[in-house]
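All values below come from the heavy atoms of this structure, side chains included, with hydrogens, waters and symmetry mates left out. Along the sequence shown, residues are numbered consecutively beginning with 1.
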Amino acid sequence: MYRDLDDLKTELTELLGDLAVSDEPATLDKASADGSYLSPVISEQLPLGRADLVAYPPSAELIAATVAAAVRHGIPITPRGKGTGNYGQAIPMAGGLVLDTSKARTLHEVGDGYLVADAGATMISLEQAANKAGQQLLMYPSTAQSTLGGFISGGSGGTGSIKNGMLHTGFVQELWVVHGTGDGELVHVTGADADPYIHNYGTAGIIARLKITLEPLQDWRAFYSSFPEFSSALSVIRAFADLDPTPRLVSADLPTLAEALPSDVAIPPGRASLRAILDARTIDAAAQLVEDAGGRVEDVRDGAPASMKLSMISYNHPIEWLQKAYPGTYFHVEVSGDALVDRIDEVHSVYDGGMLHIEAQRGRPIGMLAGRYTSAEDVYAGFAKLEALGVGYHNPHQWFVDFEPERTAALAATTDPHGLLNPGKLVGPAIDTGSQTADLPS
């Protein structure tokens with residue numbers, strides 16, 4: 001417990017109101033947990049920390065004022081969106097204040113090629129607003145209910161990345177961030193100056209408002225197909241990525257993984273599943289690819305909800321469903337490279353019970369390689385085997401900033417002079433993070 005915590009609670013209550021500040025045990029517990037159950041390595045280390053106080057500022061300006069108050073009282077601050085992160089990045093390891101940004105959800109402006117919103121706006125609401133203006137987001141995370149600030153602070157890419165790359169490749173135009181200096185200012189950064197605040201978990205500055213890029217709206221379809229063998233689905237994954245216009249998403253799974261997904265007549269049991277969000281103009285070409293590879297088209301569905309549903313069973317989500325179907329059995333590692341297609345049997349053999357969930361991506365496929373969990377040491381032992389196969393990997397079972405960590409540390413030395421912004425995340429990890437491939441979407 002921090003000495004000045006009661007004083008901070010009093011100040012924040014006056015600033016935000018009684019309902020926006022809490023130290024109730026149930027609230028503290030909820031604010032101190034995320035989706036770390038996805039990682040058995042991290043699950044074995046829980047609890048990693050517990051909040052002493054939670055605040056819910058409803059605007060960017062009040063996010064700034066809340067941070068300033070905590071800094072003046074010497075209280076650590078852990079920023080949080082919807083809490084959908086999977087690896088502990090939003091767990092308050094030093095206790096103190098959890099700053100929940102999910103109430104700061106004002107959409108300020110939708111313009112030609114951009115929108116401006118506070119950090120707590122959800123990605124699904126922003127996509128809907130963009131659609132009404134005849135536009136769309138460049139990308140959104142597989143968990144579409146995520147907040148914009150949380151996505152930029154903790155994500156890498158997602159639905160739309162096949163065409164548009166990652167968050168640091170043009171998605172963010174401008175940021176308004178709060179530094180840990182105690183001045184309460186919203187610092188406005190643009191262009192390349194905004195890049196160092198992306199994917200650093202708020203350790204160099206807490207994102208309060210954002211201007212992001214939009215593109216013209218396309219007519220999307222949710223495309224479902226199946227194959228008798230996973231190898232047949234793999235044989236078309238790169239060809240799907242090359243369709244023109246570029247798909248928004250292409251995912252494929254072995255029968256065991258597909259059967260763990262929510263029941264759907266378009267994902268038949270006993271068959272490998274390939275699902276995609278396709279521009280309507282490419283449906284015929286996609287169907288031909290499937291049929292030529294010995295598969296069949298199961299369904300084509302229109303409407304934004306149908307596409308969003310496919311997003312919610314992509315990237316990490318099939319691993320979550322696999323874990324629900326087989327509790328306490330599986331872990332995963334993020335992987336990338338053409339070997340995922342060309343050497344799939346060897347890739348599967350790296351871990352006992354190996355199964356790949358694959359995603360089409362720019363230049364090379366990526367995926368989540370599942371295996372039966374025995375120990376953290378056995379997980380790490382597979383990294384060298386993956387590397388020998390030409391597979392890029394990222395170790396998700398850790399909470400350290402591993403995208404441009406040196407740059408982040410140099411920035412934080414100035415922007416967080418007291419070390420109060422999300423302590424415990426900007427340190428040198430003692431494990432291999434595979435940071436050479438840290439641009440894998442998650």
Side-chain angles (χ1 to χ4, degrees), residues 112-114 123 127 130-131 133-142 144 156-171 212-227 230-253 266 272-311 313-315 336-342 357-367 392 439-441:
D112 184 12
Y114 71 90
M123 301 304 297
E127 174 73 355
N131 291 171
Q135 299 178 87
Q136 63 192 25
L137 303 180
L138 294 189
M139 68 191 79
Y140 54 84
S142 55
S156 299
T159 301
S161 283
I162 301 176
K163 173 186 175 184
N164 293 310
M166 303 298 164
L167 292 176
H168 54 275
T169 55
F171 185 81
I212 61 172
T213 304
L214 304 179
E215 63 184 358
L217 179 63
Q218 293 172 252
D219 184 11
W220 296 110
R221 297 288 189 272
F223 179 93
Y224 291 79
S225 62
S226 72
F227 298 82
F230 186 51
S231 58
S232 300
L234 288 180
S235 73
V236 299
I237 199 84
R238 290 177 290 205
F240 262 72
D242 290 337
L243 289 169
D244 186 17
T246 304
R248 229 176 179 187
L249 181 80
V250 184
S251 306
D253 292 295
S273 170
L274 185 147
R275 309 169 300 279
I277 301 176
L278 302 178
D279 187 290
R281 292 168 286 181
T282 65
I283 294 297
D284 289 345
Q288 191 65 56
L289 286 172
V290 169
E291 292 166 6
D292 288 349
R296 68 187 186 216
V297 177
E298 299 291 348
D299 203 359
V300 179
R301 301 169 183 171
D302 61 6
S307 294
M308 200 70 71
K309 181 179 178 181
L310 281 191
S311 182
I313 52 173
S314 67
Y315 292 104
S336 65
D338 288 318
L340 301 183
V341 174
D342 301 330
H357 164 77
I358 194 167
E359 299 275 347
Q361 193 50 255
R362 296 181 84 184
R364 78 285 187 267
I366 67 170
D439 62 344
L440 289 168

(request) Dump the intermediate steps for side chain to side chain donor-acceptor pair (under 3.5 Å) on E127 and Q136, then the final yes or no. (result) CA-CA 6 Å; E127 174 73 355; Q136 63 192 25; over 6 Å; no
(message) Quick check for you: to the nearest 0.5 Å, what is the distance between D302 atom CG and F223 atom CZ?
(response) 14.5 Å
(message) Does any part of the side chain of L167, heavy atoms only, come nearer than 4.5 Å to the side chain of S156, both counted from C-beta?
(response) no
(message) Testing the basics here: between P141 and M123, what is the closest heavy-atom pair and its distance to 0.1 Å?
(response) CD-CG, 3.5 Å
(request) Any chance you could lay out the side-chain contact (heavy atoms from CB on, under 4.5 Å) test for L289 and F240, step after step, and finish with the verdict? (result) CA-CA 8 Å; L289 286 172; F240 262 72; 3.8 Å; yes
(message) For L310 versus A276, what's the shortest heavy-atom pair and its separation?
(response) CD1-O, 3.2 Å
(request) Starting at CZ of R248, measure out to CD of Q218 and round the result to the nearest 0.5 Å. (result) 7.5 Å
(message) So which atom in A306 and which in A222 form the shortest heavy-atom distance, rounded to 0.1 Å?
(response) O-CB, 3.7 Å
(message) Check whether S225 reaches the backbone of L274 with its side chain - one donor and one acceptor, N or O, closer than 3.5 Å.
(response) yes
(message) Give me the atom names and distance for the closest heavy-atom approach of G295 to F227.
(response) CA-CD2, 3.5 Å
(message) Would the distance check show the side chain of T282 and the main-chain N or O of P245 forming a donor-acceptor pair, the cut-off being under 3.5 Å?
(response) no
(request) Kindly give the heavy-atom pair with the smallest separation between S307 and I277, and that separation in Å. (result) O-CD1, 3.3 Å
(message) Using the rule given for side-chain contact (heavy atoms from CB on, under 4.5 Å), can you reason through I358 versus V341, listing the C-alpha separation, both sets of side-chain angles and the distance that settles it, and then say yes or no?
(response) CA-CA 9 Å; I358 194 167; V341 174; 4.0 Å; yes
(request) Apply the test side-chain contact (heavy atoms from CB on, under 4.5 Å) to residues D279 and W220: give CA-CA distance (whole Å), side-chain angles for both, the deciding distance (0.1 Å), then the verdict. (result) CA-CA 5 Å; D279 187 290; W220 296 110; 4.2 Å; yes
(message) Just verifying a value: how many Å separate I283 CD1 and L278 CG, rounded to the nearest 0.5 Å?
(response) 4.5 Å
(request) Start with the C-alpha gap between T246 and L243, add the side-chain angles, then the distance that decides, and say whether side-chain contact (heavy atoms from CB on, under 4.5 Å) holds. (result) CA-CA 5 Å; T246 304; L243 289 169; over 6 Å; no
(message) Would you compute the distance between atom CD of Q361 and atom OG of S161 and round it to the nearest 0.5 angstrom?
(response) 5.0 Å
(request) Please answer whether the main-chain N or O of G170 pairs with a side-chain N or O of T213 as donor and acceptor at a distance below 3.5 Å. (result) yes
(message) Using modelled atom types and a 3.5 Å cut-off, is there a donor and acceptor pairing between side-chain atoms of E359 and backbone atoms of I366?
(response) no
(request) Taking all heavy atoms of H357 and all of D253, pick out the closest pair and write down the distance. (result) ND1-OD1, 2.6 Å
(request) Would you confirm whether Q135, through its side chain, and D112, through its main-chain N or O, come within 3.5 Å as a donor-acceptor pair? (result) no
(request) Report the residues that fulfil salt bridge (Lys or Arg N to Asp or Glu O under 4.0 Å) with D219, sequence neighbours left out, ordered by chain and then residue number. (result) R221
(request) Supply the atom-to-atom distance L249 CG to M139 CE, rounded to the nearest 0.5 angstrom. (result) 12.5 Å
(message) Within this structure, what is the CG-OH distance for the pair D299 and Y224, rounded to the nearest 0.5 Å?
(response) 7.5 Å
(message) Holding to side-chain hydrogen bond (donor to acceptor under 3.5 Å, both in side chains), I want the full list of residues that pass it with S273, two or more places apart in sequence or in another chain.
(response) R275
